[in-house]
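Working notes, structure below.
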Amino acid sequence: GYKREYLAQNLSSMEEGFVVCKKCSGIMREPSICNGETTCLVCSVAPDKLSPVKAVQDSIGMLQVKCPLLRDCAWKGELSGAETHVKHCLRFVVECKKCGQVFLRGEKDDHERHSCPLRNVKCNFCSKNGKAGDEEKHLKFCCNFPITCSNGCGAKFPRVQLSKHKSECELETVACPYREYGCGVKSMLRKELLAHKKEFYIEHQDMSLVEIFQLRKENKELKG
């Protein structure tokens, strides 16, 4: 039968004897009579010999009950309407058809809009469509995702412009153009390069002349 805790009203002694199943002590579900005893259909010892008792069923259907889910739902109404209520009760546990997560029916809209990892989303930076659960992975490679220069210059730019920025960033480490000709200063910040060229102008010119003379010598030997 129905659980007694569903009731939203107190039963009189007369009502107790009229609607309570003698077998399960619950409110009778589908009351039927057999050998002069009225019980729930499933509680009967001889279900093939039962006769439904409509008058009892109607009386039970008018009993005031709480939501059968007993999950802080404020609904109260006649027992006959409880089943219909449960089909729409916001406290009923449902399952997402996409991801399989379970939650209360009242949370369904929020889940589908904001929480479901398999909901369709569009990247705010490149406008590509994908699944919400893959968004974090996508952002690690998204060409238009804004990143900050790792050199500490403070510049922000789309990831696709990283190479261009590095070719201009004043805090990027660069090599002296004369390194392969013997300059002892192997690397420096780009902002230091101009001062370095000025400071070592004569040394760089000497290195260039040495390289030119060496190339001329090699050229003559090849021709000779």
Side-chain angles (χ1 to χ4, degrees), residues 71-73 88-224:
R71 297 194 184 104
D72 299 322
C73 176
H88 304 283
C89 180
L90 298 182
R91 307 298 294 176
F92 187 73
V93 175
V94 295
E95 179 179 320
C96 177
K97 295 181 180 179
K98 290 184 177 180
C99 70
Q101 290 185 25
V102 294
F103 42 83
L104 299 180
R105 181 180 281 127
E107 300 170 348
K108 180 181 179 181
D109 185 64
D110 181 72
H111 172 80
E112 292 180 344
R113 290 174 178 270
H114 307 294
S115 305
C116 181
L118 296 182
R119 71 187 188 279
N120 294 319
V121 295
K122 178 181 288 188
C123 177
N124 293 326
F125 305 102
C126 69
S127 297
K128 287 185 178 179
N129 294 315
K131 302 299 181 183
D134 298 327
E135 186 174 21
E136 184 176 350
K137 180 180 178 181
H138 166 73
L139 292 179
K140 292 180 179 180
F141 302 96
C142 176
C143 59
N144 286 339
F145 184 76
I147 59 175
T148 302
C149 176
S150 59
N151 294 328
C153 73
K156 291 184 177 181
F157 44 85
R159 183 178 279 116
V160 70
Q161 295 180 9
L162 177 60
S163 296
K164 179 178 182 295
H165 173 74
K166 282 183 172 291
S167 70
E168 303 170 345
C169 179
E170 289 294 292
L171 298 184
E172 179 74 7
T173 299
V174 296
C176 173
Y178 292 89
R179 179 179 61 176
E180 60 181 297
Y181 303 129
C183 179
V185 183
K186 303 300 183 183
S187 62
M188 69 208 78
L189 300 180
R190 178 172 281 111
K191 67 178 183 178
E192 301 169 340
L193 183 58
L194 181 59
H196 169 75
K197 287 181 177 180
K198 290 180 178 180
E199 182 180 354
F200 293 91
Y201 177 77
I202 294 177
E203 288 87 343
H204 288 165
Q205 293 304 306
D206 290 343
M207 294 174 194
S208 297
L209 289 173
V210 171
E211 183 68 18
I212 290 172
F213 291 149
Q214 181 64 30
L215 289 173
R216 285 182 176 178
K217 179 181 177 181
E218 294 175 356
N219 190 41
K220 285 182 180 180
E221 291 176 351
L222 288 172
K223 289 181 178 180

Margin query: Any non-hydrogen side-chain atom of K128 less than 4.5 Å from a side-chain atom of C142?
Written below: no
Margin query: Taking side-chain hydrogen bond (donor to acceptor under 3.5 Å, both in side chains) as the definition, give me every residue that meets it alongside E218, ordered by chain and number, with sequence neighbours left out.
Written below: Q214
Item checked: Test side-chain contact (heavy atoms from CB on, under 4.5 Å) applied to E135 - qualifying residues, sequence neighbours left out -> L139
Notebook entry, point to check: For the atom pair OH (Y181) and CG (D206), what is the distance rounded to the nearest 0.5 Å?
Noted result: 14.5 Å
Check: Which ring-ring contact (aromatic ring centres under 6.0 Å, His included) pairs, counting each pair once, include a residue from residues 113-142, with sequence neighbours left out?
Finding: F125-F145
Next item on the list: Any chance you could measure C153, atom SG, to K191, atom NZ, to the nearest 0.5 Å?
Entry: 10.5 Å
Notebook entry, point to check: If you round to the nearest 0.5 Å, how far is CG of L162 from SG of C143?
Noted result: 12.5 Å
Check: So which pairs with a foot in residues 145-161 pass side-chain hydrogen bond (donor to acceptor under 3.5 Å, both in side chains), sequence neighbours left out?
Finding: N151-E172
Item checked: Spacing of K122 atom NZ and S127 atom OG [to the nearest 0.5 Å] -> 5.5 Å
Checklist line | Contact summary for C99 and H111, nearest pair of heavy atoms | finding: SG-NE2, 3.5 Å
Next item on the list: Could you list the residues that satisfy side-chain hydrogen bond (donor to acceptor under 3.5 Å, both in side chains) with K131, not counting sequence neighbours?
Entry: N120
Note to self: Give me the atom names and distance for the closest heavy-atom approach of T173 to S187.
What the structure shows: CG2-CB, 3.9 Å
Note to self: Check this for me: K186, atom NZ, are more than 12 non-hydrogen atoms of other residues, nucleotides or ligands nearer than 6.0 Å?
What the structure shows: yes
Checklist line | Contacts of type side-chain contact (heavy atoms from CB on, under 4.5 Å), residue A132, not counting sequence neighbours | finding: R119, V121
Next item on the list: Tell me, please, which residues at least two apart from E170 pass side-chain hydrogen bond (donor to acceptor under 3.5 Å, both in side chains).
Entry: none
Notebook entry, point to check: Sequence neighbours excluded, which residues qualify as side-chain hydrogen bond (donor to acceptor under 3.5 Å, both in side chains) partners of R113?
Noted result: D109
Show me the donor-acceptor pairs, under 3.5 Å and distance only, between side chains in residues 101-108 and residues at least two apart or in other chains.
unit_1: R105; atom_1: NH1; unit_2: V86; atom_2: O; d: 3.1
unit_1: R105; atom_1: NH1; unit_2: K87; atom_2: O; d: 3.3
unit_1: R105; atom_1: NH1; unit_2: C89; atom_2: O; d: 2.7
unit_1: R105; atom_1: NH2; unit_2: K87; atom_2: O; d: 3.1
unit_1: E107; atom_1: OE1; unit_2: L104; atom_2: N; d: 3.4

Notebook entry, point to check: How would you list, by chain and number, every residue that makes a side-chain contact (heavy atoms from CB on, under 4.5 Å) with V185, sequence neighbours excluded?
Noted result: C183, M188, H196, F200
Check: Got a second to check how far L171's CG is from K166's NZ, nearest 0.5 Å?
Finding: 11.0 Å
Note to self: I'd like to check H204 versus C176 (side-chain heavy atoms, cut-off strictly below 4.5 Å). Are they in contact?
What the structure shows: yes
Next item on the list: Would you please name every residue forming a salt bridge (Lys or Arg N to Asp or Glu O under 4.0 Å) with E168, sequence neighbours left out?
Entry: K164
Check: Would you call L90 and C73 a side-chain contact if the rule is heavy atoms closer than 4.5 Å?
Finding: no
Notebook entry, point to check: How about I202: does its CD1 atom have over 12 heavy atoms from other parts shown lying under 6.0 Å from it?
Noted result: no
Next item on the list: Under the salt bridge (Lys or Arg N to Asp or Glu O under 4.0 Å) rule, collect the residues that match up with E192, sequence neighbours excluded.
Entry: none
Check: Closest heavy-atom contact between H165 and C149?
Finding: NE2-SG, 3.2 Å
Note to self: For the SG atom of C123 and the CG atom of D134, what is their distance to the nearest 0.5 Å?
What the structure shows: 12.5 Å
